[in-house]
S.K.: 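Structure below; questions to follow.
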Amino acid sequence: MNEQATGALRIVVAEDGVLLREGLVGLLARFGHEVVAAVGDAEALRTAVGTHAPDLVVTDVRMPPGQTDEGLRAAVALRERRPGLRVLVLSQYVQHSYAAELLDSGDGSGVGYLLKDRIGQIEEFVAAVATVAAGGTVVDPEVVRQLLRRRRDPLERLTPREREVLALMAEGRSNAAICRELVVSDAAVGKHIGNILMKLDLPPAEESHRRVLAVLRFLRG
């Protein structure tokens with residue numbers, strides 16, 4: 001790792017938006033840093049880090065092919081393999097599934113998570129780059145607020161009826177069996193299950209898999 005944390009840095013930029021990617025390259029060069037690779041997907045990010053061993057990675061969260069959390073998952077994996085790698089996430093979204101894991105990695109040092117729409121000045125972003133590269137931590141207050149809210153018991157968000165439905169799901173009941181038990185329509189059960197999956201913020205997947213995840217959340221609660 002390059003020790004020039006407050007000087008010129010070797011940076012890999014990962015951003016699928018061409019205009020923003022090129023803008024970041026130009027901005028970082030303007031402040032004396034060298035962008036050794038500018039890529040548009042998570043696989044290219046992994047390759048670039050392996051090839052160039054940069055001082056810092058600046059990455060978006062949602063990237064091809066799935067446009068979900070590929071960039072953030074890549075950052076988490078890279079930090080696991082290279083504990084000293086500095087990572088600054090720059091995104092429009094707080095991706096709960098991996099944000100906390102990234103911020104907890106490496107004892108929370110040399111990592112940052114900023115929201116694009118909340119960066120008011122160029123100097124603010126440049127200062128964040130320097131702080132993360134020097135081993136500090138920079139996190140947007142909105143990211144903190146959302147993660148703290150997520151750390152509460154997720155089952156608190158369910159209504160009493162939704163808890164009943166989830167309890168029956170945990171017993172392995174089918175939708176039809178839940179309808180008979182609660183004396184409600186199939187449409188009502190389907191709506192309750194949809195609300196449960198949404199409120200528990202379960203990742204996109206086949207419904208049967210999401211039902212299993214929901215039941216695991218219930219059993220842990």
Side-chain angles (χ1 to χ4, degrees), residues 1-2 4-79 81-82 85-103 105 110-134 136-147 201 203-204:
M1 288 288 294
N2 190 331
Q4 296 175 296
T6 58
L9 299 167
R10 299 176 69 257
I11 300 174
V12 167
V13 171
E15 164 62 54
D16 65 316
V18 177
L19 291 179
L20 181 54
R21 184 169 69 240
E22 292 304 310
L24 286 171
V25 171
L27 175 63
L28 292 167
R30 172 181 156 193
F31 282 85
H33 303 303
E34 178 188 3
V35 177
V36 294
V39 300
D41 62 76
E43 187 56 38
L45 169 58
R46 293 186 180 93
T47 300
V49 170
T51 300
H52 299 284
D55 301 307
L56 175 74
V57 167
V58 177
T59 184
D60 194 1
V61 169
R62 299 186 178 183
M63 304 182 75
Q67 292 293 348
T68 54
D69 57 7
E70 288 85 352
L72 187 52
R73 282 192 285 120
V76 170
L78 287 168
R79 289 265 290 183
R81 291 198 297 269
R82 300 166 178 264
L85 180 65
R86 314 311 197 192
V87 173
L88 176 59
V89 171
L90 184 61
S91 180
Q92 289 180 306
Y93 313 95
V94 180
Q95 176 49 260
H96 304 103
S97 302
Y98 289 93
E101 187 174 346
L102 176 69
L103 295 173
S105 65
V111 67
Y113 199 127
L114 298 179
L115 298 178
K116 295 174 181 176
D117 293 342
R118 288 170 53 86
I119 297 176
Q121 298 180 348
I122 290 175
E123 290 76 12
E124 180 183 349
F125 171 69
V126 174
V129 166
T131 298
V132 172
T137 303
V138 179
V139 184
D140 188 291
E142 176 63 17
V143 175
V144 174
R145 187 182 69 80
Q146 291 198 33
L147 290 180
D201 290 327

S.K.: Can you measure from CG (Leu56) to CG (Leu85) and round to the nearest 0.5 angstrom?
M.R.: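 So the gap between those two atoms works out to 7.5 Å.
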S.K.: Determine, stepwise, if the pair Tyr113 / Val143 fulfils side chain to side chain contact (heavy atoms under 4.5 Å, CB included).
M.R.: CA-CA 7 Å; Tyr113 199 127; Val143 175; 3.6 Å; yes
S.K.: State which residues pass side-chain contact (heavy atoms from CB on, under 4.5 Å) with Tyr98; sequence neighbours excluded, sorted by chain then number.
M.R.: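 Once residues adjacent in sequence are excluded, the partners of Tyr98 under the side-chain contact (heavy atoms from CB on, under 4.5 Å) criterion are Asp69, Leu72, Arg73, Val76, Glu101.
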S.K.: Do Val61 and Tyr93 have side chains that approach each other closer than 4.5 Å (heavy atoms only, starting at C-beta)?
M.R.: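 Contact flag for Val61/Tyr93 side chains = no.
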S.K.: Is any side-chain heavy atom of Arg79 less than 4.5 Å from a side-chain heavy atom of Leu102?
M.R.: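 They are in side-chain contact.
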S.K.: Quick one: closest heavy-atom pair of Gly32 and Ala8, and the distance?
M.R.: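 It is O-CB, 3.3 Å.
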S.K.: Can you tell me how far OG1 of Thr59 sits from CG of Leu45, rounded to the nearest 0.5 angstrom?
M.R.: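 So the gap between those two atoms works out to 5.0 Å.
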S.K.: Between Leu90 and Leu24, is there a side-chain heavy-atom distance shorter than 4.5 Å?
M.R.: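 Leu24 reaches Leu90 side chain to side chain.
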S.K.: Look only at the side chain of Arg10 and the backbone of His52, and say whether a donor-acceptor pair between them is shorter than 3.5 Å.
M.R.: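 Yes; judged by distance alone, with no hydrogens or angles, the pair exists.
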S.K.: Just so I know, are the side chains of Arg118 and Pro141 near enough to count as touching, which here means a heavy-atom distance under 4.5 Å?
M.R.: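 Yes, at least one pair of side-chain atoms sits under 4.5 Å.
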S.K.: Could you tell me if the side chain of Asp55 sits less than 4.5 Å from the side chain of Arg86, heavy atoms only?
M.R.: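 The answer is no, as the side chains (C-beta and beyond) never meet within the 4.5 Å cut-off.
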S.K.: Minimum heavy-atom separation for Ala74 to Ala42, with atom names?
M.R.: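 Of all heavy-atom pairs spanning Ala74 and Ala42, the closest is CB-CB, 4.1 Å.
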S.K.: If I compare all heavy atoms of Val138 with all of Ala128, which pair ends up nearest, and what's the gap?
M.R.: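 For Val138 and Ala128, the tightest heavy-atom pair comes out as CG1-CB, 4.0 Å.
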S.K.: Applying side chain to side chain contact (heavy atoms under 4.5 Å, CB included) to Leu28 and Val13, what does each step give before you reach the verdict?
M.R.: CA-CA 10 Å; Leu28 292 167; Val13 171; 3.8 Å; yes
S.K.: Atom CZ of Arg46 and atom CG of Asp41: how far apart are they, to the nearest 0.5 Å?
M.R.: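 One gets 9.5 Å once the value is rounded to the nearest 0.5 Å.
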S.K.: Taking only residues two or more places apart in sequence or in another chain, which ones pass salt bridge (charged side-chain N to carboxylate O under 4.0 Å, His left out) with Arg82?
M.R.: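 For Arg82 there are no salt bridge (charged side-chain N to carboxylate O under 4.0 Å, His left out) partners, ignoring immediate neighbours.
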S.K.: Looking only at heavy atoms, which two atoms of Pro54 and Val36 are closest? And how far apart?
M.R.: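 Shortest heavy-atom separation between Pro54 and Val36 comes out as CB-CG2, 4.4 Å.
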S.K.: For residues Ser91 and Arg62, determine if any side-chain heavy atom of one lies less than 4.5 Å from a side-chain heavy atom of the other.
M.R.: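 Side-chain contact under 4.5 Å: no.
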S.K.: Which salt bridge (charged side-chain N to carboxylate O under 4.0 Å, His left out) pairs, counting each pair once, include a residue from residues 15-35, with sequence neighbours left out?
M.R.: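 For residues 15-35: Glu15-Lys116.
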S.K.: How long is the span from the CG atom in Asp60 to the CD atom in Gln95, to the nearest 0.5 Å?
M.R.: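 Spacing of CG (Asp60) from CD (Gln95) equals 11.5 Å.
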